[in-house]
Amino acid sequence: MGNELLQIIRVSKSFPGVKALDNVSLSVGAGTIHSLMGENGAGKSTLMKCLFGIYTTDSGEFILDGKKVLFFNPKQAMDNGVSMVHQELNQVHTRSVMENIWLGRFPGLPPVYVNHKKMYQDTIDIFKKLDIQINPKAIISALSVSQRQMVEIAKAVSHESKVIVLDEPTSSLTEVEVEQLFRIINNLKDRGCAIIYISHRMNEILRISDDVSIMRDGKMVDTQPASNLTTDKIITMMVGRELSKVFPPKTNVPAEVVLSVEGLTAQYCNLKDVSFTLRKGEILGVAGLMGAGRTELLEGIFGLNTIKSGKIVKNGKVIKTGTPKHAMKHGFAMLTEERRATGIFGVLSVSDNITMANIKKYKKIFYISDKKMSIDAEWAIKTLRIKTPNQRTLIRSLSGGNQQKAIFGRWMLTDPDILLLDEPTRGIDVGAKYEIYQLMIDLAKQGDSIIMVSSELEELLGICDRIMVMSGGFKTGEVDPNTTTQEEIMTLAAKCV
């Protein structure tokens, strides 16, 4: 390449029971966008965490701007011009946007005196440079996932980083937000930054990348210019075989109406007078832009939001799902958007995480049956092909996609008849996505009903029987995936009510 800003040379890393990285080498040039691809568990995030000082390597070296470096914590990495925007956002939810950006670097003389005026202005300056429209004084917990992701990117830029790692940056962004992110990335590229971009979205990779590296089972398979690659070539290198179809054939046949939601309005969030029906064996998609109220709709049905008015009718009877416990009794299950914050229990094992929602099944008079838990956990691991050294491995050590599959297995064990899935394939590779899609279709085929929120229009068109579109908390229309277009969906998603 000739202008390598970062060189990773023969890096290896092992965890108990698994070799996560096996002599991996990679070169990234200044002013380039270098994408890193591979199935879940291929080692992409592990490699970047070794670079960023989260993990210590077993062997190998990193050369940054001609100098050998070894970081023992993220602060050292950031101080030396390496930043990382994680797939799972690590932020202080109770503090403001600007405090999160400048955490550990507050202007003034902390802790005696913090110059909030300067901190506010510095944040405004960065936001203007990146064209980010967020109030610096807003509390992080009040922002959407996509807004919080933008804040993390701004934080990386505030360090004047030479190398910025973006791990699944578009996994929770809408099409419009993706375009804004790409403008920011190209801006950083023009300023000479080296961008390492991790994503499972093929169209994004081919569009934005200069070079693409493929990893499989902890090893580097190949690095090629993006212009030499196609989606089929990337998939073949990723999974080691050809994957002829992105979506499995839809063999489910929707039947009678099993759920009617009438005029649902939330007390404290953006959900207003939403009505729709769901049929037995149907996969209903929910599309919309940021702030459309898609997540709020699922949370309202599942009892996570207080409902102000409206009713939920299941199998002809009005039901109340004021809490998740009540919702589960009525046969509902919900997979949330943010697995780290509201999905996994990181300090517990894979087995504990899978069986947690079904704990009553394993209770004896004076103890809990570990044997029954182990049998069910093993079923989920095999059925969903969860890559883990064993059941007792802490779930936080798994890749994001394998964590997601474990949560999916958790809810399958509760035997629900209505599944509420919020971005169910977020951060999952193309091979695993196909398996999740097939599982959804199989569940629908056996009579379960599914409501799926997704920011990927292609996914909604490929897997759903019907798509409901929301905007500003309202339902703005319904479309048939077989006859609609992405343009029609986006028009409804941008509609003012």
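This chain uses plain numbering: 1 for the first residue, then up along the sequence.
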Cut-off 3.5 Å, side chains only: do H34 and S209 have a donor facing an acceptor?
-> no
Value for CZ (R410) from OG1 (T355), rounded to nearest 0.5 Å, stands at 9.0 Å
Would you say the side-chain atoms of Q391 and S349 include a donor-acceptor pair closer than 3.5 Å?
-> no
Between R105 and S158, do the side chains contain an N or O donor and an N or O acceptor separated by less than 3.5 Å?
-> yes
Just wondering, do Y197 and V165 contact through their side chains at under 4.5 Å, heavy atoms?
-> no
With side chains defined as the heavy atoms from C-beta onward, is the minimum distance between I354 and L413 less than 4.5 Å?
-> yes
Got R207 and N203 here, is their nearest side-chain heavy-atom distance under 4.5 Å?
-> no
Any donor-acceptor pair under 3.5 Å from T383 side chain to A380 backbone | no
Should we say atom NZ of K219 is surrounded by more than 12 heavy atoms from elsewhere, each under 6.0 Å from it?
-> no
Going through the checks in order, is the salt bridge (charged side-chain N to carboxylate O under 4.0 Å, His left out) test met by D22 and K13?
-> CA-CA 7 Å; D22 188 359; K13 174 66 179 177; over 6 Å; no
Would you mind reporting whether F71 and M78 have side-chain heavy atoms less than 4.5 Å apart?
-> no
Crowding at CD, Q76 (>12 non-hydrogen neighbours, <6.0 Å) = yes
Decide whether S27 and E4 meet the rule of one side-chain donor and one side-chain acceptor closer than 3.5 Å.
-> no
Give a yes or no on whether Q224 atom CD has more than 12 heavy-atom contacts from other residues, nucleotides or ligands under 6.0 Å away.
-> yes
Report all side-chain donor-acceptor pairs from residues 482-489 shorter than 3.5 Å, counting only partners two or more places apart or in another chain.
{"unit_1": "N482", "atom_1": "ND2", "unit_2": "D480", "atom_2": "OD1", "d": "3.4"}
{"unit_1": "T483", "atom_1": "OG1", "unit_2": "D480", "atom_2": "O", "d": "3.4"}
{"unit_1": "T484", "atom_1": "OG1", "unit_2": "E488", "atom_2": "OE1", "d": "2.5"}
{"unit_1": "T485", "atom_1": "OG1", "unit_2": "E488", "atom_2": "N", "d": "3.1"}

With a 4.0 Å cut-off, would you call E99 and K155 a salt bridge?
-> no
NZ or CZ of K129 within 45° of F127 ring axis and under 6.0 Å | no
Lys/Arg-Asp/Glu bridge criterion (N-O < 4.0 Å) met for K433, E456 | yes
Validation: residues 49-65 side-chain donor-acceptor distances under 3.5 Å, sequence neighbours left out:
{"unit_1": "D58", "atom_1": "OD2", "unit_2": "S14", "atom_2": "N", "d": "2.6"}
{"unit_1": "E61", "atom_1": "OE1", "unit_2": "K68", "atom_2": "NZ", "d": "3.2"}

Test item: M202 and I234 side chains (from C-beta on) under 4.5 Å apart, heavy atoms = yes
No-hydrogen, no-angle side-chain donor-acceptor test under 3.5 Å, T295 and D422 | yes
Note, I381 side chain near K387 side chain (heavy atom, < 4.5 Å) | no
Whether F302 and W411 hold their rings parallel, tilted or perpendicular, with breakpoints at 30° and 60° = perpendicular
Are more than 12 heavy atoms from other residues, nucleotides or ligands located less than 6.0 Å from atom CZ of R392?
-> yes
Output yes when a side-chain donor or acceptor of N353 lies under 3.5 Å from a complementary backbone atom of I344, and no otherwise.
-> no
Side chains of Q133 and N135: do they bring a donor and an acceptor to under 3.5 Å?
-> no
Charged N to carboxylate O under 4.0 angstrom, D217 versus K19?
-> no
Should V163 and C193 count as side-chain neighbours, where that means a heavy-atom distance under 4.5 Å?
-> no
